[in-house]
Amino acid sequence: MSNRIAPALGWRLAGFLTRRRAGYVPFSVTPAARLRRTLKPGDVLLVEGDSRISTAIKYLTQSTWSHAALCVCECGSGDELVEADLREGVRRVPIDRYAALNTRICRPVALAPQDLRRVLDYMLSSV
């Protein structure tokens, strides 16, 4: 019986933690269209999330950022980002998912094209 209870309890806890928290106010949101024009494959999009788990992550890490997603394809071509989600696992999402949140772009420097391809292939195979 405990084999059925633990996953159900975990699912409910994940649902509670991923709910948006009341009172979140973004201070500097970059419009999705600008993100789409700026992001390149290999860029990491840091996100200040608005969920309960985001608040805990920011507190524990002493960081503004609670989430990261990797840009895996040219923007405007669909689900441009790969992220790990507490409930859904590793998945592809569109940039619009973060249109109302504070974000920052981190771009790799001096990453060889073949190494970038290996990173992107690995992330895409993890979905």
Item checked: Nearest-0.5 Å distance that lies between atom OG1 in Thr30 and atom CG in Leu39 -> 9.5 Å
Margin query: Please find the pair of heavy atoms, one from Asp96 and one from Arg36, that lie closest to each other, and give the distance.
Written below: OD1-NH2, 2.6 Å
Next item on the list: Consider only side-chain heavy atoms of I, L, V, M, F, W and Y, link residues closer than 4.5 Å, and tell whether Leu124 and Val119 are in one cluster.
Entry: yes
Next item on the list: Working to the nearest 0.5 Å, report the span between CD of Gln114 and CG of Asp121.
Entry: 12.5 Å
Margin query: Using side-chain heavy atoms (C-beta onward) and a distance below 4.5 Å, is Glu80 in contact with Cys73?
Written below: yes
Check: Mind checking what makes salt bridge (Lys or Arg N to Asp or Glu O under 4.0 Å) contact with Arg104, not counting sequence neighbours?
Finding: none
Next item on the list: With side chain to side chain contact (heavy atoms under 4.5 Å, CB included) as the test, would you mind laying out the steps for Thr103 and Glu48 before giving the verdict?
Entry: CA-CA 6 Å; Thr103 57; Glu48 180 192 38; over 6 Å; no
Margin query: Any heavy-atom pair between the side chains of Leu70 and Leu120 that's under 4.5 Å?
Written below: yes
Check: Salt-bridged, Arg91 to Asp79, with N to O below 4.0 Å?
Finding: no
Next item on the list: Measure the CD1-OG distance between Ile57 and Ser63 for me, rounded to the nearest 0.5 Å.
Entry: 10.0 Å
Check: Which atom pair, heavy atoms only, marks the closest approach of Val72 to Met123?
Finding: CG1-CB, 4.4 Å
Notebook entry, point to check: Does CZ belonging to Arg117 count more than 12 external heavy atoms closer than 6.0 Å?
Noted result: yes
Check: Is Val44 linked to Leu116 within one hydrophobic cluster, defined over Ile, Leu, Val, Met, Phe, Trp and Tyr using a side-chain heavy-atom separation of less than 4.5 Å?
Finding: yes
Item checked: Listed partners of Asp115 passing side chain to side chain donor-acceptor pair (under 3.5 Å), at least two apart -> none
Note to self: Between Leu45 and Val82, is there shared hydrophobic-cluster membership here, with clusters defined by ILVMFWY side-chain heavy atoms closer than 4.5 Å?
What the structure shows: no
Check: Taking C-beta and beyond as the side chain, do Val109 and Leu111 meet within less than 4.5 Å on heavy atoms?
Finding: no
Notebook entry, point to check: Taking all atoms of both residues into account, what is the closest heavy-atom pair of Pro108 and Gly42, and its distance?
Noted result: CD-O, 3.4 Å
Item checked: Between CG on residue Leu46 and SG on residue Cys106, distance to nearest 0.5 Å -> 4.0 Å
Margin query: Using 0.5 Å steps for rounding, measure from the CD1 atom of Ile105 to the CG atom of Leu35.
Written below: 5.5 Å
Note to self: So which atom in Ser54 and which in Gly49 form the shortest heavy-atom distance, rounded to 0.1 Å?
What the structure shows: OG-CA, 3.4 Å
Check: Taking C-beta and beyond as the side chain, do Asn102 and Trp65 meet within less than 4.5 Å on heavy atoms?
Finding: yes
